[in-house]
Amino acid sequence: VEGEALMLDRSTGDTETVADYLIRRLHNYGIRHIFGVPGDYVLSFFDKLVHTKGIHVINTCDEQGAAFAADAYARVRGLGAVCVTYSVGGFKVLNAIAQAFAEKSPLVLVSGAPGMNERHRNPLLHHKVQDFDTQQRIFEHLTIDSALPSNPDTAMADIDRVLSSAVYYKRPVYLELPRDIVSSEVARTYGYDFPSTPHFHIPDPLRHERFTETDHEALKEALTETLDMINSSSKPVIIAGIEIHRFGLQDKLLELIEKTKIPVASTLLSKSVVDELNPNYVGEYAGNMSRNSVQRYVESSDCVIMIGVFLSHVNFGITHTPVDQSRCIYLSSDEISIRFHNYEDVRFDDFLDELIKADFKYFPPLLPNTINDNSSTSPHKKKMKITSDRLFEILDVTLSDHNIVIADAGDSMLGSIDLTIPIPSRYISSSYYLSMGFAVPASIGAQLANPMLRPIVIVGDGAFQMTGMEVSTMAMFNLNPIIIVLNNGGYRTERAMLDGPFNDIKMWNYSKIPDVVDSGRGFVIETEEEFIDALSESEQTTKAFCLLDVRLDATDASSDLHRLGEAIGRKV
Ligand SMILES: Cc1ncc(C[n+]2csc(CCOP(=O)(O)OP(=O)(O)O)c2C)c(N)n1
Ligand SMILES: [Mg+2]
């Protein structure tokens, strides 16, 4: 798939159509799979897609699953695409598009729509809600750019602008394709044909047209202020945020850390942005949900350098940030501020480039194991009832270099704080937006984006019941994630806040699901020993997905979930 050349469908003639152009541009940007569910307003575009070599349609059970898969594809590869029909499909992906916006994932939503001509002739076409533009107007609020290419003469420019916006801003975009425009001939063959180089080094031909150029005077002043602050501090710490990953700045961050030996923490959302075995890595900082040692380290620092961090209350442990601004250097794509000063017209990456070159005073390296108490106990086979804490400990020593961990909201995400992810960017979670149901479909997108990866999905039983049917998509496309269902009889995380019968869910026999889709392997796990065995058997079962039904007590919770309970002042 990776090296497959693009061969457009030429059954309709040699001229380039709007659909051809869009497909060609998506391919240029590294897209090899488009996720979605067809409908009559988008059938002709799907038909084009399936007759094109070099781009594959992954039709999922449900549109939300498609959009979640495409979001994960974007997180692994640099851009993702989801294609749905008008309204009934479009409105199903609102939640996933909102997540991509909130967590800066560059995702292209292509929606079929009534043709421009039929809109005039027939005001009562099916799927219309209020007006024909209702869907587009709604998505304008959830995307960074949108277009309805209704005129073939300008369609190419619309498509170019919108795709470029997704790559530039790392946010979702919306493209509505009226069905009568799909086969219209484009004005002339125009556009950039560059070799696609995925994984965040996507060339963007429009980039220079839209960049704010850095004002070098402002950069110089910001740099002087930053260096004064860092060099007069005694215990600086870097908090590395998710933008480091989204903007492909990991090597630069590493260079800065290697050079200065300033310790670095990540956040819940940016977990694995730095190699967690790096001697300068202190752990995940999440306010009062952090491990005590990490919280103490960060909060006692006299100079906190936040790079690409979202200042969200989840990242900072539910309560608002305890890191006060007078000790803070904040660098992001939206804003550069040092203590109470804001610098405009200084680009984030330009600033990082200069910072790496600067002279720093000597900071002694961290003593080994003083902070990063991620020391896991090796698994002992025991007939002990499995608990959430032990599950994460065992998993921690089982992870291999080819795994990518994908955690859903709830104890799956919180318990994952304790996993040491040895290779950067091998962890995905919706840790800011926190939508349940992301992880199972996300593993489909992640594995297609990089087939060398074997996803380990950690998902609550509640979340699994929302999107778990996408295991059928895994079966259809021969994918093999290992899915660990934390079966604790309901919404454990919510029980920590306010319990009631609304947090109970129907008990399913999850290990029987492979029978339903006629593929995969199921395991029922009650003890530590069974978990260890199931993990190793799953590792050897490479032909299909594996589903591990881990039976936990309804009151069981990881220490991290207990800390969340303490953070919000409730007894868990
Ligand atoms: C789509 C969605 N609906 C509701 C919520 C609110 N919510 C947050 S955690 C949670 C419970 C999650 O249950 P489960 O997936 O079983 O994980 P557990 O908390 O038991 O580990 C709920 C309902 C949410 N985050 N996302
Ligand atoms: Mg649960």
Side-chain angles (χ1 to χ4, degrees), residues 62-69 71 91-103 142 268-269 286 289 312-315 317-318 386-392 395 405-419 429-443 456-471 483-510 513 525 547-565 567-568 570 572:
D62 183 73
E63 284 87 350
Q64 182 177 235
F68 278 154
D71 177 342
F91 293 135
K92 277 231 200 136
V93 299
L94 282 168
N95 181 50
I97 299 297
Q99 168 179 294
F101 190 93
E103 299 195 349
L142 298 177
L268 290 179
L269 184 59
M289 269 154 61
S312 76
H313 85 308
V314 180
N315 265 344
I318 303 300
I386 186 92
T387 62
S388 176
D389 271 338
R390 279 296 290 157
L391 179 144
F392 284 101
L395 194 59
V405 175
I406 306 181
D408 214 281
D411 206 17
S412 303
M413 187 269 281
L414 292 167
S416 296
I417 293 178
D418 294 331
L419 296 177
S429 180
S430 163
S431 307
Y432 165 58
Y433 185 68
L434 291 171
S435 178
M436 287 164 74
F438 175 51
V440 171
S443 69
I456 303 238
V457 176
I458 313 170
V459 55
D461 48 355
F464 186 88
Q465 292 195 7
M466 291 182 175
T467 57
M469 73 274 200
E470 297 297 351
V471 295
I483 304 162
I484 302 169
V485 180
L486 305 194
N487 180 358
N488 53 15
Y491 301 155
R492 180 66 184 86
T493 311
E494 294 213 327
R495 293 194 203 283
M497 301 171 194
L498 178 64
D499 204 7
F502 39 75
N503 290 327
D504 300 335
I505 61 171
K506 173 78 182 71
M507 180 72 161
W508 285 9
N509 204 341
Y510 300 94
I513 289 173
I525 286 140
L547 204 129
L548 282 59
D549 173 358
V550 183
R551 307 266 168 97
L552 299 165
D553 281 344
T555 52
D556 179 68
S558 68
S559 335
D560 309 273
L561 180 48
H562 282 291
R563 282 203 300 274
L564 169 74
I568 56 179
R570 293 248 159 67
V572 180

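Indexing begins at 1, ligand by ligand and atom by atom, following the structure's order. Since we're looking at a predicted model, the values are computed, not measured.
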Rounded distance [0.5 Å steps], OH in Y510 versus CZ in R551: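 Between atom OH of Y510 and atom CZ of R551 there are 9.5 Å.
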
Euclidean distance, I483 CD1 relative to D549 CG, rounded to 0.5 Å: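 Here the interatomic distance stands at 12.0 Å.
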
R390 with D556: basic N within carboxylate O range, under 4.0 Å: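 No salt bridge links R390 with D556.
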
Is there an N/O/S atom in [X] that lies less than 2.8 Å from the Mg ion (ligand 2)?
X    : answer
Y491 : no
D411 : no
G490 : yes

Salt bridge (charged side-chain N to carboxylate O under 4.0 Å, His left out) against D461, all qualifying residues, sequence neighbours excluded: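 Result, salt bridge (charged side-chain N to carboxylate O under 4.0 Å, His left out) vs D461: none returned.
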
Minimum-distance N/O/S atom that D461 presents toward the Mg ion (ligand 2):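 The Mg ion (ligand 2) is closest to the D461 atom OD1, counting only N, O or S.
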
Identify all N/O pairs between ligand 1 and the protein with a separation under 3.5 Å and present them as a table of atom names and distances.
{"residue": "ligand 1", "atom": "7 (N)", "partner": "E494", "partner atom": "OE2", "Å": "3.2"}
{"residue": "ligand 1", "atom": "15 (O)", "partner": "A463", "partner atom": "N", "Å": "2.9"}
{"residue": "ligand 1", "atom": "16 (O)", "partner": "D461", "partner atom": "N", "Å": "3.4"}
{"residue": "ligand 1", "atom": "16 (O)", "partner": "D461", "partner atom": "OD1", "Å": "2.7"}
{"residue": "ligand 1", "atom": "16 (O)", "partner": "G462", "partner atom": "N", "Å": "2.8"}
{"residue": "ligand 1", "atom": "16 (O)", "partner": "G490", "partner atom": "O", "Å": "2.9"}
{"residue": "ligand 1", "atom": "19 (O)", "partner": "R492", "partner atom": "N", "Å": "3.3"}
{"residue": "ligand 1", "atom": "19 (O)", "partner": "T493", "partner atom": "N", "Å": "2.8"}
{"residue": "ligand 1", "atom": "19 (O)", "partner": "T493", "partner atom": "OG1", "Å": "2.5"}
{"residue": "ligand 1", "atom": "20 (O)", "partner": "N488", "partner atom": "OD1", "Å": "3.1"}
{"residue": "ligand 1", "atom": "20 (O)", "partner": "N488", "partner atom": "ND2", "Å": "3.0"}
{"residue": "ligand 1", "atom": "20 (O)", "partner": "G490", "partner atom": "O", "Å": "2.8"}
{"residue": "ligand 1", "atom": "20 (O)", "partner": "R492", "partner atom": "N", "Å": "2.9"}
{"residue": "ligand 1", "atom": "21 (O)", "partner": "D411", "partner atom": "N", "Å": "3.0"}
{"residue": "ligand 1", "atom": "25 (N)", "partner": "L434", "partner atom": "O", "Å": "2.9"}
{"residue": "ligand 1", "atom": "26 (N)", "partner": "M436", "partner atom": "N", "Å": "3.1"}

Flag side-chain contact, heavy atom, 4.5 Å: Q99 against F68: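 Answer yes - side chains close enough.
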
Side-chain heavy-atom pair F392, I417 within 4.5 angstrom cut-off: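 No, their side chains stay 4.5 Å or more apart.
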
S388 and D411: side chain donor to acceptor below 3.5 Å: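 Short answer, yes.
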
Nearest non-hydrogen partners of S443 and I406, listed with the distance: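 That closest heavy-atom pairing would be CA-CD1, 3.5 Å.
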
